[in-house]
Student: 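Just dropping this structure here.
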Amino acid sequence: MDSPQPEQTFPAAVSAQTSRFTRAYQAHLDKSVPFVAYRWIGTGVILLLFMGRIVLAQGWYIVAYTLGIYLLNLFLAFLTPKFDPSLEQDEDMEGGGQSTLPTKRDEEFRPFIRRLPEFKFWHNATAAIGFGFICTWINACDIPVFWPVLVIYWIILFTLTMRRQIQHMIKYRYVPFTFGKTRYTRS
């Protein structure tokens, strides 16, 4: 005779449901990969909703500032190469080796590989904006601050970090974007 199966324990049932939810979420993310423009439009809409919530509620400025700093950090990681030439040059100087940057004689092709790929940038930015939007509904996150100071400080921080990043891009001759690059066709 067949014996009846014992019922699942509570932790095993939670684990099974969590695993099922994780697989469904990952399948949804995998299906969204080719739709870059639609993903970013959706993120922009969520960001506009977040900004509208901040303006209409006239509060949660520290949440907006924190989100701005995090998005700036993500953007800088998106613009930075995975293998930073300045760090490699510093390591070579310490070790006494040759620099690995291409020279006029040795025009080695080195593709630009981002420290933070576009999909992860989008996913992290969207999750952060969603989390920030949820925080705007929690009164404990509404810390009173003088918001013009935060705006001025964020603008200064953005200007200085982007200036440094652009100087780094010019110094090491890399362009993190594909537009404007030479494209070769088959002959």
Side-chain angles (χ1 to χ4, degrees), residues 13-82 84 112-170 172 174-181 183:
V14 169
S15 176
Q17 289 298 323
T18 304
S19 176
R20 190 173 69 97
F21 175 74
T22 303
R23 281 193 310 270
Y25 180 69
Q26 188 62 46
H28 176 69
L29 285 178
D30 291 343
K31 288 179 185 176
S32 72
V33 169
F35 304 105
V36 177
Y38 294 122
R39 285 189 284 119
W40 282 105
I41 288 171
T43 300
V45 168
I46 295 171
L47 185 61
L48 287 175
L49 287 173
F50 173 79
M51 290 174 165
R53 169 75 178 141
I54 297 295
V55 169
L56 292 176
Q58 294 185 356
W60 291 275
Y61 300 118
I62 198 76
V63 173
Y65 174 73
T66 306
L67 178 65
I69 295 293
Y70 182 70
L71 292 178
L72 178 62
N73 187 21
L74 287 177
F75 186 61
L76 288 174
F78 176 72
L79 290 179
T80 307
K82 186 173 185 177
D84 193 356
F112 182 80
I113 301 171
R114 299 180 188 282
R115 181 178 295 167
L116 182 68
E118 181 272 333
F119 185 79
K120 287 186 179 182
F121 177 37
W122 166 80
H123 186 258
N124 292 346
T126 305
I129 294 168
F131 183 73
F133 187 74
I134 290 170
C135 286
T136 62
W137 296 97
I138 301 170
N139 286 333
C141 295
D142 189 14
I143 300 169
V145 293
F146 187 59
W147 65 267
V149 172
L150 293 180
V151 171
I152 291 170
Y153 183 66
W154 189 87
I155 290 171
I156 290 170
L157 187 66
F158 177 81
T159 305
L160 292 176
T161 54
M162 289 309 295
R163 187 175 130 233
R164 184 179 54 90
Q165 185 65 32
I166 291 170
Q167 286 174 342
H168 189 269
M169 290 164 42
I170 292 170
Y172 293 104
Y174 66 89
V175 179
F177 303 107
T178 56
F179 60 87
K181 289 186 177 180
R183 293 190 180 237

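When a residue number appears, it is its place in the shown sequence, counting from 1. Quick note: numbers below take in every heavy atom, side chains included, and nothing from hydrogens, waters or symmetry partners.
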Student: For Gln167, which residues count as a side-chain hydrogen bond (donor to acceptor under 3.5 Å, both in side chains) partner, sequence neighbours excluded?
Tutor: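 Applying side-chain hydrogen bond (donor to acceptor under 3.5 Å, both in side chains) to Gln167 gives none.
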Student: Please determine, by modelled atom types, if Arg39 and Thr43 share a side-chain donor-acceptor pair under 3.5 angstrom.
Tutor: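 There is no such pair between these side chains.
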Student: Are Trp60 and Phe133, when compared by the centres of their aromatic rings, separated by less than 6.0 Å?
Tutor: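 Not under 6.0 Å, so no.
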Student: Taking the side chain as every heavy atom from C-beta outward, state whether Leu160 and Arg163 have any pair of such atoms under 4.5 Å apart.
Tutor: yes
Student: Looking only at the side chains, is there a donor atom on one of Glu118 and Trp40 sitting less than 3.5 Å from an acceptor on the other?
Tutor: yes
Student: CD/Gln17 to OG1/Thr22 distance, rounded to the nearest 0.5 angstrom?
Tutor: 10.5 Å
Student: Could you tell me if the side chain of Ile138 sits less than 4.5 Å from the side chain of Val63, heavy atoms only?
Tutor: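 Sidechains of Ile138 and Val63: no contact.
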Student: If you define the side chain from C-beta out and look only at heavy atoms, does anything of Thr66 sit under 4.5 Å from Tyr61?
Tutor: no
Student: Would you say CH2 of Trp147 has more than 12 non-hydrogen atoms from neighbouring residues, nucleotides or ligands within 6.0 angstrom?
Tutor: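 No, CH2 of Trp147 has 12 or fewer neighbouring heavy atoms, counting only those of other groups under 6.0 Å.
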Student: Can you tell if the side chain of Leu49 reaches within under 4.5 Å of the side chain of Arg53, non-hydrogen atoms only?
Tutor: no
Student: Measuring from atom CE of Met169 to atom CE of Met162, what distance do you get when rounded to the nearest 0.5 angstrom?
Tutor: 7.0 Å
Student: Is it the case that over 12 heavy atoms from other parts of the model lie below 6.0 angstrom from the CZ atom of Phe119?
Tutor: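 Correct, the count exceeds 12.
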Student: Any side-chain to backbone donor/acceptor pair from Thr161 onto Phe158? Under 3.5 Å, distance only.
Tutor: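 Between the backbone of Phe158 and the side chain of Thr161 there is a qualifying donor-acceptor contact (under 3.5 Å).
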